Protein chains: 2
Amino acid sequence: MLISEGHKHMAEVGLTRFSAREVAKRIGYSIGTLYNVFGSYDHFLSAVNTRTFEQWAYEVRNALSDCKGDRIQCLVENYFSFARRNRNLWRAIYEHHVPDDFVMPDEQYIQRGKLTEAVVQEVANALPPEKTDMAPRLARSLIATVHGHCTFDLSGSFSLMGLDGAVEMALERVQESLRMAGVGAQSRIAAETT
Amino acid sequence: MLISEGHKHMAEVGLTRFSAREVAKRIGYSIGTLYNVFGSYDHFLSAVNTRTFEQWAYEVRNALSDCKGDRIQCLVENYFSFARRNRNLWRAIYEHHVPDDFVMPDEQYIQRGKLTEAVVQEVANALPPEKTDMAPRLARSLIATVHGHCTFDLSGSFSLMGLDGAVEMALERVQESLRMAGVGAQSRIAAETT
DNA sequence: GACGACAATTGAACGCCGTTCAAAAATATG
DNA sequence: CATATTTTTGAACGGCGTTCAATTGTCGTC
C-alpha cells in the first residue's frame, strides 16, 4: 500500500520532489505511521526503488520471451525503453544513495540482482563454450556500457551535442565487445532459432 | 567567493546535504545575498558544478601532458581517478537536474564541453585518416561507456558483485571498440612517440 | 461485557531548507 | 552634506524528515 503509492508518487514527481508525507496523506495515513513501518526515509525509498527493480526485471523477462531476433539487442533496447518510459523511477534507483551504515533487507538485495542475472545468462549463451566463465564479468561490464549511454540519453547530453541514436551507439559498443570475445552474435542466435 | 566556497562545501557534504545557507554563512554573507547574486538555488548549483567541470578539464589536460604511453588509457584512468578523488563533486554534476525552463549561461555551456573536446581530439588522432569524421560520435559513445563503469564503480555495484578492476573493464571495452574502428592504438601511438 | 496490556496511529513540534521581500545599511552622485 | 541608488540583511513562509507523547484500536483474559 505505502510502497505502491510511493512508487506511483516517485514516477510522477521524481526523487527531488518526492515527499513521504504526501504519500502517507494519499492513502489516509499520517507521516508517523510511515516511520513506524519503514523506520526511516532511506528505508522507505529503498523499498520503493526495489519495486522499480522488480518491475524492470519483469519487463526484461517479457522482452526476452517476445524476442524474435537478437536477444542481446532486445536487452539493450529494453534497457533504454524502460528508462525512457519511467524516467523518474529509473533515475531514483541510481541517484538515491543510502548512508554507509544502511543495511538492506535480503529480499531487496536478491530482487535487485535479478536483472543482472538475466543478462549474465544471455551473455553466457552468446559466448563460445570455452569462454563461458567470463560471462559474469563481461555481462556486468556491458551493462555498465549501456547504462552510461542511457544516462546521457536521458539527461539530454547526446541531443545537446547534436547526436541521435543513443540506442544504436550502445548496441554498437556492445556488439563490438562481444565480437572481440568471439561471439558471432547474429549468426549464432539465428542458428538457435532455426 | 560564493562559488569557490560552494564548491568546497559540495566536496565535503555532497548534493543531498548541500546548503546554500551554510555556504553564505561561511563567507560572512546572508542567504538573501546569495539569491541576489545567483537568482536561484539551481543557478547557484549550476555554477558550482561548472567549476567542477573546469577543474576536471584542467586535470585531463595535465594527465595528457604527463602521459608517457597510450593516451586513451590515460584518459580512461583520469576519468576514474577524478571521480574517485572527488566523489561528491563528480556525482553532483550528473545528479543535479535543472528545471526544464532553465537557461544556462553561455560560458558555463562552453566550459562544460571542454572535456569532451579533448577526448574527441584524442580519438580523432587515434583513428585511421579515412575514419576521422566518426570521431565526435565515437568519442562521445566511449565517454558514455567509461561513465557507466565509473558510476557503478563509485556506487559500489561492482564490488557488491565481487568484481575488481572497473578501470580495466572500462579500458577493455574502449579498446575493443577502437580496434573494431580500425585502431591499432598501441602500435600507432608508439610509432608517434618514437 | 469489563478491564488491562499491547499495538498501531496520530499530528504537533523541532530544526533544516529554498524562497521572498520590507527594512536597514552601504555606496554613489551632485 | 543630502539624496538617490544599490547592496545586504534576516525574519517569515511553507515544505520536509524525524521524533514522541497522547490517543485510539485490538486482543486476550476473566
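Quick note on labels: first sequence line is chain A, next is B, and so on, each numbered from 1. Worth knowing before you read on, the calculation uses all heavy atoms, side chains too, and leaves out hydrogens, waters and symmetry mates. Quick caveat, the model's predicted, so the values are computed rather than measured.
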In whole angstroms, how far is the [atom2] atom of [N] from the [atom1] atom of [X]?
| X | N | atom1 | atom2 | answer |
| --- | --- | --- | --- | --- |
| B/His43 | C/dT19 | NE2 | C1' | 15 Å |
| A/Tyr41 | D/dG17 | OH | P | 5 Å |
| A/Arg17 | D/dC16 | CZ | C1' | 14 Å |
| B/Phe18 | C/dC16 | CZ | P | 17 Å |
| B/Lys25 | D/dT8 | NZ | C1' | 18 Å |
| B/Glu22 | D/dG10 | CD | P | 16 Å |
| B/His9 | C/dC16 | NE2 | P | 13 Å |

| message | Against B/Phe82, only a single residue in B/Trp56, B/Trp90, B/Tyr58 fulfils ring pair (Phe, Tyr, Trp, His ring centres under 6.0 Å); can you say which? | response |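 Running ring pair (Phe, Tyr, Trp, His ring centres under 6.0 Å) over B/Trp56, B/Trp90, B/Tyr58 with B/Phe82 returns exactly one hit, B/Trp56.
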
### Task
Verify the neighbour count for atom OH of B/Tyr29: are there more than 12 heavy atoms of other residues, nucleotides or ligands below 6.0 Å?
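Atom OH in B/Tyr29 is not packed in, count stays at 12 or less.
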
| message | If you define the side chain from C-beta out and look only at heavy atoms, does anything of B/Val23 sit under 4.5 Å from B/Phe18? | response |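 Answer yes - side chains close enough.
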
- prompt: Less than 4.5 Å apart, any side-chain heavy atom of A/Leu178 and any of A/Leu138?
  reply: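 A side-chain contact under 4.5 Å exists here.
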
*Under the ring pair (Phe, Tyr, Trp, His ring centres under 6.0 Å) test, which residues partner B/Phe102, sequence neighbours left out?*
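Here the qualifying residues are B/His43.
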
Base, sugar-phosphate, or nothing: which does [X] touch, judged by heavy atoms less than 4.0 Å apart?
| X | result |
| --- | --- |
| B/Phe38 | nothing |
| B/Phe44 | nothing |
| B/Tyr35 | base |

Below 3.5 Å is the cut-off: list the nitrogen or oxygen pairs between protein and nucleotides 9-12 of chain C, distance only.
residue	atom	partner	partner atom	Å
C/dT9	OP1	A/Tyr29	OH	3.3
C/dT10	OP2	A/Ser30	N	2.7
C/dT10	OP2	A/Ser30	OG	3.4
C/dT10	OP2	A/Thr33	OG1	2.7
C/dG11	N7	A/Ser30	OG	3.3

Note to self: Ring centroids only, cut at 6.0 angstrom: are A/His149 and A/Tyr79 within range, meaning strictly under it?
What the structure shows: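 When the ring centroids of A/His149 and A/Tyr79 are compared, they turn out to be at least 6.0 Å apart.
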
With the criterion being N/O to N/O and under 3.5 Å, what pairs connect the protein with nucleotides 5-7 of chain C, and how long is each?
none

**Item:** For B/Asn49, the option from B/Leu89, B/Ile93, B/Ile3 that meets side chain to side chain contact (heavy atoms under 4.5 Å, CB included)
**Value:**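 Option passing the side chain to side chain contact (heavy atoms under 4.5 Å, CB included) with B/Asn49: B/Ile93.
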
query = Does the pair B/Glu59/B/Arg85 count as a salt bridge with the N-to-O cut at 4.0 Å?
reply =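 A salt bridge links B/Glu59 with B/Arg85.
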
query = Is any side-chain N of the basic residue among A/Lys8 and A/Glu5 closer than 4.0 Å to the acidic one's carboxylate O?
reply =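 Between A/Glu5 and A/Lys8 there is a salt bridge, with a charged N closer than 4.0 Å to a carboxylate O.
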
